[in-house]
Amino acid sequence: AGPRNGTAPTLLTNYLDTQYFGEISIGTPAQTFKVVFDTGSANLWVPSYKCSPLYISHSRYDSSKSRTYIANGTGFAIRYGTGSVKGFLSQDIVMVSVSDIPIIQVFAEATVLPAFPFIFARFDGVLGMGYPSQAIDGITPVFDRILSQQILKEDVFSVYYSRWVLWGGSDPAYYTGDFHYLNVSKSGYWQISMKGVSVGAEMLFCKDGCSAAVDTGASYITGPAGPISVLMKAIGAAEMAEGGYVVDSGDHRDLPPGTSITVCVSSLQQSQYGEDICVVAFSGLDIPPPAGPLWILGASFIGHYYTKFDRRNNRIGFATAR
Ligand SMILES: COCCCC[C@@](O)(c1ccccc1-c1ccccc1)[C@@H]1CCCN(C(=O)[C@H]2C[C@@H](N)[C@@H](O)C2)C1
């Protein structure tokens, strides 16, 4: 059947403004998984049935139950900010949207997951939306497999966080005005050049320009730890023990008016003691060269825009979300 008029949505679930994920299915008959659509990586992995039972609260892929499974077995490991996910490669039919875009995909069955932070994950796996050059083991990413089917209206996907990912186009019903396009600054990454970071009218950081990744798989805005701690003081946030910052949830202090991006500086979260705390949507992260220094514009930034990731023109478009 394929997508109507060349576009198809995948609806997303928003967990505490920090985890956004949607459903895909793998295998015949379909085994469904909740995955993060992550522009900051380029591989698909889901937990394997052979994964440690610790992970029983998540869906696990059972190749023995799929008629379209093709064994591969090559080892796989992907490094994230917090540790590596290890496993092995398999091939099967993957469906990324209810309007059935079936693709034959090589993906990883994860057998080793770092307990932290995955015990907090409300999703099962990760579907990388990055460029092929970023993919481990040279595996063709999901979006490239979809593009090669020539069924999409445009070689783009749009993110209307935290509601859905739209494959193949953008929907004017959900944004106003034109897209402001920024060319991808480093081929193979959804990375742009940032002109500066200012609080109110005062430019405080990145005065000579700097790089930023537009990363749908990250929860917050992260920047080098130094500048972030200065920024946190500027908005009166206090540092939490395990990193991250909180502001007094009484006064929802937004950045001073006139800031070019009025990012909500906090997202409501439950602390481990259960009371509501306001977690600031920024955190400090020093990314070492050659990838860094790098700012990361995650969900708390992306959620303020209708964002179009354009593979045809290697650019990212931002429009005002309705
Ligand atoms: C908006 O939804 C985001 C999903 C949550 C991301 C995340 O918050 C998370 C929380 C709980 C459990 C697991 C994971 C998680 C961990 C690894 C991969 C995907 C999700 C990540 C925590 C660690 C830092 N971080 C990244 O490096 C991320 C950055 C990104 N590019 C990925 O490749 C790794 C974000």
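Atoms within each ligand, like the ligands themselves, are counted from 1 in listed order.
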> So which pairs with a foot in residues 283-312 pass salt bridge (charged side-chain N to carboxylate O under 4.0 Å, His left out), sequence neighbours left out?
Replying inline: D144-R311, D155-R312, D310-R315
> Can you list the residues that meet the side chain to side chain donor-acceptor pair (under 3.5 Å) rule with T74, with sequence neighbours excluded?
Replying inline: N72
Could you go through ligand 1 and list every pair where one of its N or O atoms sits under 3.5 Å from a protein N or O, giving the atom names and the distance to one decimal?
from: ligand 1; atom 1: 2 (O); to: Y20; atom 2: N; distance (Å): 3.1
from: ligand 1; atom 1: 8 (O); to: S219; atom 2: OG; distance (Å): 3.2
from: ligand 1; atom 1: 27 (O); to: G81; atom 2: N; distance (Å): 3.4
from: ligand 1; atom 1: 31 (N); to: D38; atom 2: OD1; distance (Å): 2.9
from: ligand 1; atom 1: 31 (N); to: D38; atom 2: OD2; distance (Å): 3.4
from: ligand 1; atom 1: 31 (N); to: D215; atom 2: OD1; distance (Å): 3.0
from: ligand 1; atom 1: 31 (N); to: D215; atom 2: OD2; distance (Å): 2.6
from: ligand 1; atom 1: 33 (O); to: D38; atom 2: OD2; distance (Å): 2.6

>> Both conditions, 6.0 Å and 45 degrees, for the charged tip of R60 above the ring of Y49: are they met here?
In response: yes
> Partners of Y306 by ring pair (Phe, Tyr, Trp, His ring centres under 6.0 Å), sequence neighbours excluded?
Replying inline: Y160, Y175
>> Can you see whether T68 engages T28 through a side-chain donor-acceptor pair at a distance of less than 3.5 angstrom?
In response: yes
>> One pair to check against ring pair (Phe, Tyr, Trp, His ring centres under 6.0 Å): Y20 and W164. What are the steps and the verdict?
In response: CA-CA 9 Å; Y20 299 163; W164 55 77; over 10 Å; no
